[in-house]
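Because the structure is a prediction, the values reported are computed rather than measured.
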Amino acid sequence: PTSIDIEPTTFCNFACKMCQRTYWKRKSQNMTIDHFIHIYDSFPKLEFIKIQGVGEPLLNNDIFQMMEYSKKKGSHVTTYTNGSLLHLNNNSIKLINTGIDLIRISVDGGNKKTFESIRCNSNFHQIVKNITLISKLSKGWPVKIELWIVACPDNITELPHIIDIAKRAEI
């Protein structure tokens, strides 16, 4: 294969309505950098890698090393994040500095009430600030920032508001 998805963590700080992780009874775990390298190196023709699964990738302390390793090996690297941790510990800068190609931030509501009812334990206003933060920090870098939406009956009418969030953040 030339493309794989690797799940670096099953930990998450949200309990989203649509996520299978919210309902399972498994113990959450982080993948180590050594395990990641072992898996990555098992695919000698790897061109594309998505480093994300049911957990929030920024909850794995090795995530930046995983991305850097993948870029060093020549892969196009993508991740998805719930956006809640981008303002902490220079995470936005660290993420951009890995050389990552695409960051997708999940935004499932155009206002606080809807967003927080779908993405339980979230903070809509902080995530909007974080979207703006990473968008500004990424200017001049080759990374692409996108908003990712799971459209459902609860948020379908708010798609124009989500587009407005992207416009205000200059994505």
Side-chain angles (χ1 to χ4, degrees), residues 1 3-16 18-44 46-108 115-116 119-148 150 169 171:
S3 178
I4 63 171
D5 291 5
I6 293 183
E7 183 172 56
T9 187
T10 53
F11 284 100
C12 192
N13 53 339
F14 288 1
C16 301
M18 70 296 218
C19 183
Q20 64 193 15
R21 191 197 163 287
T22 303
Y23 305 102
W24 68 10
K25 303 293 183 218
R26 294 184 345 191
K27 178 185 172 200
S28 292
Q29 302 177 65
N30 278 326
M31 178 180 285
T32 65
I33 186 63
D34 292 334
H35 191 198
F36 177 87
I37 289 170
H38 174 75
I39 293 169
Y40 186 99
D41 288 348
S42 299
F43 298 92
L46 202 55
E47 296 175 21
F48 300 93
I49 183 168
K50 180 181 79 157
I51 306 175
Q52 185 268 337
V54 297
E56 168 52 43
L58 293 176
L59 288 172
N60 183 324
N61 292 329
D62 292 338
I63 192 66
F64 305 112
Q65 289 178 276
M66 293 174 186
M67 292 174 181
E68 289 168 350
Y69 185 82
S70 301
K71 288 303 296 178
K72 184 177 89 177
K73 292 290 201 164
S75 290
H76 181 279
V77 180
T78 299
T79 197
Y80 293 62
T81 176
N82 64 30
S84 65
L85 305 173
L86 293 171
H87 67 293
L88 299 175
N89 305 313
N90 293 315
N91 283 338
S92 289
I93 293 168
K94 290 177 188 173
L95 199 52
I96 293 165
N97 284 338
T98 66
I100 190 168
D101 298 283
L102 175 61
I103 302 167
R104 289 190 170 139
I105 303 169
S106 300
V107 180
D108 294 321
F115 185 94
E116 292 179 6
R119 296 207 165 256
C120 302
N121 302 328
S122 66
N123 179 326
F124 174 75
H125 296 297
Q126 184 63 61
I127 289 167
V128 170
K129 286 180 192 175
N130 289 351
I131 291 167
T132 301
L133 171 69
I134 198 161
S135 176
K136 287 181 179 176
L137 290 172
S138 68
K139 296 296 183 222
W141 289 80
V143 63
K144 185 174 184 180
I145 311 291
E146 295 180 349
L147 300 187
W148 190 256
V150 177
I171 292 178

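Shown here are the ring pair (Phe, Tyr, Trp, His ring centres under 6.0 Å) partners of His76, two or more places apart in sequence or in another chain: Phe48. Residues satisfying the ring pair (Phe, Tyr, Trp, His ring centres under 6.0 Å) criterion with Phe36, sequence neighbours excluded, are absent altogether. Among residues two or more places apart in sequence or in another chain, the salt bridge (charged side-chain N to carboxylate O under 4.0 Å, His left out) test is passed with Lys136 by none. When the salt bridge (charged side-chain N to carboxylate O under 4.0 Å, His left out) test is applied to Glu116, the partners found at least two apart in sequence or on another chain are Lys112. In this structure, the ring pair (Phe, Tyr, Trp, His ring centres under 6.0 Å) partners of Phe124, at least two apart in sequence or on a different chain, are Phe115. Glu146 meets the salt bridge (charged side-chain N to carboxylate O under 4.0 Å, His left out) test with Arg104, Lys144; sequence neighbours excluded. Considering only residues two or more places apart in sequence or on other chains, Trp141 meets the ring pair (Phe, Tyr, Trp, His ring centres under 6.0 Å) condition with none of them. Listed by chain and number, the residues in a side chain to side chain donor-acceptor pair (under 3.5 Å) with Asp41 are Tyr69 (sequence neighbours excluded). Residues that satisfy the salt bridge (charged side-chain N to carboxylate O under 4.0 Å, His left out) test with Asp101, not counting sequence neighbours, are Lys71. With sequence neighbours excluded, the residues that form a side chain to side chain donor-acceptor pair (under 3.5 Å) with Asn30 are Thr9. Looking at residues two or more places apart in sequence or on another chain, you find a side chain to side chain donor-acceptor pair (under 3.5 Å) between Thr81 and Glu56.
A donor atom on one side chain and an acceptor atom on the other are not found under 3.5 Å apart for Asn82 and Ser122.
Between Tyr40 and Met66 there is no side-chain heavy-atom pair separated by less than 4.5 Å. A heavy-atom distance below 4.5 Å is not found between the side chains of Trp148 and Ile105. Ile37 has its side chain out of reach of Gln65: every pair of non-hydrogen atoms, C-beta onward, lies at least 4.5 Å apart. Looking at Phe64 and Leu58, their side chains come closer than 4.5 Å, going by heavy atoms from C-beta outward.
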Would you please test Ser106 and Phe14 for side-chain contact (heavy atoms from CB on, under 4.5 Å) and show each step?
CA-CA 12 Å; Ser106 300; Phe14 288 1; over 6 Å; no
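In terms of heavy-atom proximity, Val143 sits nearest to Leu102 at CG2-N, 4.3 Å. Taking both residues in full, the closest heavy atoms of Ile63 and Pro8 are given as CD1-CG, 3.8 Å, listed atom of the first, atom of the second, then distance. Residues Ser92 and Ile134 share a closest heavy-atom pair of OG-CB, 3.8 Å. Val54 and Glu7 get closest at one heavy-atom pair: N-OE2, 2.7 Å. In this structure, Ser70 and Ile51 approach most closely via the heavy-atom pair OG-CD1, 3.8 Å. Nearest heavy-atom pair, Asp62 versus Asn60, reported as atom, atom and distance to 0.1 Å: N-OD1, 2.7 Å.
Between the CD1 atom of Ile96 and the CG atom of Asn91 there is a distance of 11.0 Å, given to the nearest 0.5 Å. The OG1 atom of Thr79 sits 11.5 Å away from the CD1 atom of Ile6 when rounded to the nearest 0.5 Å. Summarising the geometry, atom CG belonging to Asn123 is positioned 9.5 Å from atom OG belonging to Ser84; distances are rounded to the nearest 0.5 Å.
Thr10 places a side-chain N or O within 3.5 Å of a backbone atom of Gln29 that can act as its donor or acceptor partner. Side-chain atoms of Lys94 come within 3.5 Å of backbone atoms of Asn89 as a donor-acceptor pair (strictly under, hydrogens ignored).
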Without placing hydrogens or testing angles, list every side-chain donor-acceptor pair under 3.5 Å for residues 125-132, not counting sequence neighbours.
residue : atom : partner : partner atom : Å
Gln126  : NE2  : Asn130  : OD1          : 2.8
Asn130  : OD1  : His87   : ND1          : 3.3
Asn130  : ND2  : Gly83   : O            : 2.7
Asn130  : ND2  : His87   : ND1          : 3.0
Thr132  : OG1  : Val128  : O            : 3.2

